[in-house]
Protein chains: 2
Amino acid sequence: MANNKTKKCILDAAEKLFARQGFYATSLRMLTREAGVNLAAVNYHFGSKEELIKAVIERRILPLNKIRLERLLNIKDNAGADDCSPDVREILFAFFEPTFEFRKSGKGAQDFISLIGRAFSDPRDTVRKLFLNMVESVFQLLFELLCDALPSLPKNIVYLRLNFMLGAMAHSMNMSQMCQLIPDGLNLKVDSSTLVEQFIMFTATGLEAPYE
Amino acid sequence: MANNKTKKCILDAAEKLFARQGFYATSLRMLTREAGVNLAAVNYHFGSKEELIKAVIERRILPLNKIRLERLLNIKDNAGADDCSPDVREILFAFFEPTFEFRKSGKGAQDFISLIGRAFSDPRDTVRKLFLNMVESVFQLLFELLCDALPSLPKNIVYLRLNFMLGAMAHSMNMSQMCQLIPDGLNLKVDSSTLVEQFIMFTATGLEAPYE
DNA sequence: ACAAAATTAAAACAGATGTTTAAATCGTAC
DNA sequence: GTACGATTTAAACATCTGTTTTAATTTTGT
């Protein structure tokens, strides 16, 4: 168990290639070449490609989830103590800021975030469920808090809007390829902090929109 | 050229399977079995799998784009004549309503719409560009109109928010699998018209959010 | 230093993939 | 009815996939 270098190389290469090409389009041969390890190493260390996918996601999402959960629980407790509804923007910031913060921490992190967007909208149940199971608890708490913060909205409407928000998020995580849409002469780039600000501004305002 | 039955069977089957399993996960053998035609028929009629993907998307998106373009141009002309800014909600309604309306027209249409969501966030450049090229003109006009409707916002901010919106849209199109997120006892289903209303309410309010 | 366990390496495996081929069948115009 | 082009069929093709196997090598505990 001493030498984890191979495992790390595989995870790093997988993170990169899965994010940029997708799970399906990345073969174990590309992956192991990129990682500089033998083809059989993946099956030896992880068992199968599917379990590698799981490991790639798990490595990063568990610590991230821990932070998000702490921050959301903190909001919940404060609201409970003061006996008032939590604030939507506060909730969103607690939920998104760790993600965007982590994203800035390096190239690998950036790849991982776009990989999450991939997993969230993967065609195959196996991959999607794999991811959803890991984030279920956080999402559930997020949903609860948003319901508390928006007491005038029916829960199914909150749920619907929550999904709009998550879709926007999944898409925003692949920002690199976003700017292919409008081939304008304008400089449409935005820096990372503007992205978070604008994202929260957009979604918070949308969530708070009046019902009918 | 007389018998287009085979072509139609292939297109229908492809639409269904591509939407439900993704492009990659659908093999030509599954596809031709579902369509009830010979394996070689795809290559005979369409040349390759990639060209089949293109044909599947094109069949539906061209008429849909025509409607959207007409309605958007109509708004543009009216605004030009009255010499006033167009209305955000009006623009969004013109853009989204045809899609959701078409979605209601049958099972195949429903599959197609979720297929569009797939194409929009496909990992591979080839597939994504294929789709983006077809919608480029409509998106460009949409962007222009939104800039006119939101004169107080910098264009790159409008562009950013437009992308949030498109992400939300792509995700909402696979609504069928959305409700796996919160396994609550609550009935969180919403009907189709509520979906459009809420989507426009959410995104319009988000787009109109103040800048900083 | 030696034996046992863990890891790496190269090769082969079984199966699936998109595509092509070559013959058979069909539809249609003369 | 026959000949000809379009279509369908079944089989083969080459290539790629994830996984296993078996042997070599390295690392570890004593």
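To find a chain, count down the sequence lines: A is the first, B the second, and so on, and within it residues start at 1.
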Which value, rounded to the nearest 0.5 Å, describes the distance between A/Asp12 atom CG and A/Asp111 atom CG?
10.0 Å
Separation of atom CD1 in A/Ile10 from atom C1' in D/dG18, rounded to whole Å:
14 Å
A/Val135 and A/Arg68 have their tightest heavy-atom pair at CG1-NH2, 4.5 Å
Run the side-chain donor-acceptor check on residues 200-208 of chain B: report pairs under 3.5 Å with partners two or more places apart or on a different chain.
residue	atom	partner	partner atom	Å
B/Thr203	OG1	B/Phe199	O	2.7
B/Thr203	OG1	B/Ile200	O	3.4
B/Thr205	OG1	B/Met201	O	2.5
B/Glu208	OE1	B/Arg89	NH2	2.8

Within this structure, what is the CZ-CD1 distance for the pair B/Phe18 and B/Ile53, rounded to the nearest 0.5 Å?
5.0 Å
OP1 or OP2 of D/dT8 sitting under 4.0 Å from any side-chain N/O of B/Thr6?
yes
C/dA10 P sits how many Å from A/Tyr44 OH, rounded?
17 Å
Sequence neighbours left out, cut at 3.5 Å: what donor-acceptor pairs do the side chains of residues 22-30 of chain A make with other protein atoms?
residue	atom	partner	partner atom	Å
A/Thr26	OG1	A/Leu17	O	3.3
A/Thr26	OG1	A/Gly22	O	2.8
A/Ser27	OG	A/Arg29	N	3.4
A/Ser27	OG	A/Met30	N	3.2

Check whether any side-chain heavy atom of B/Arg103 sits under 4.5 Å from a side-chain heavy atom of B/Phe112, and report yes or no.
no
Whole angstroms only, please: what is the CG-P distance between A/Asn38 and C/dA9?
6 Å
Expressed in angstrom and rounded to an integer, what is the separation of A/Phe46 atom CZ from C/dT8 atom P?
11 Å
Rounded to whole angstrom units, what separation is found between the NE2 atom of A/His45 and the P atom of D/dG18?
18 Å
Identify the pairs formed between an N or O of the protein and an N or O of nucleotides 12-19 of chain C at a distance under 3.5 Å, and give each distance.
residue	atom	partner	partner atom	Å
C/dT17	OP1	B/Ser27	OG	3.4
C/dG18	OP1	B/Lys49	NZ	2.8
C/dG18	OP2	B/Leu28	N	2.8
C/dG18	N7	B/Arg29	NH1	2.9
C/dG18	O6	B/Arg29	NH2	3.0
C/dT19	OP2	B/Asn43	OD1	3.2
C/dT19	OP2	B/Lys49	N	3.0
C/dT19	O5'	B/Asn43	OD1	3.4

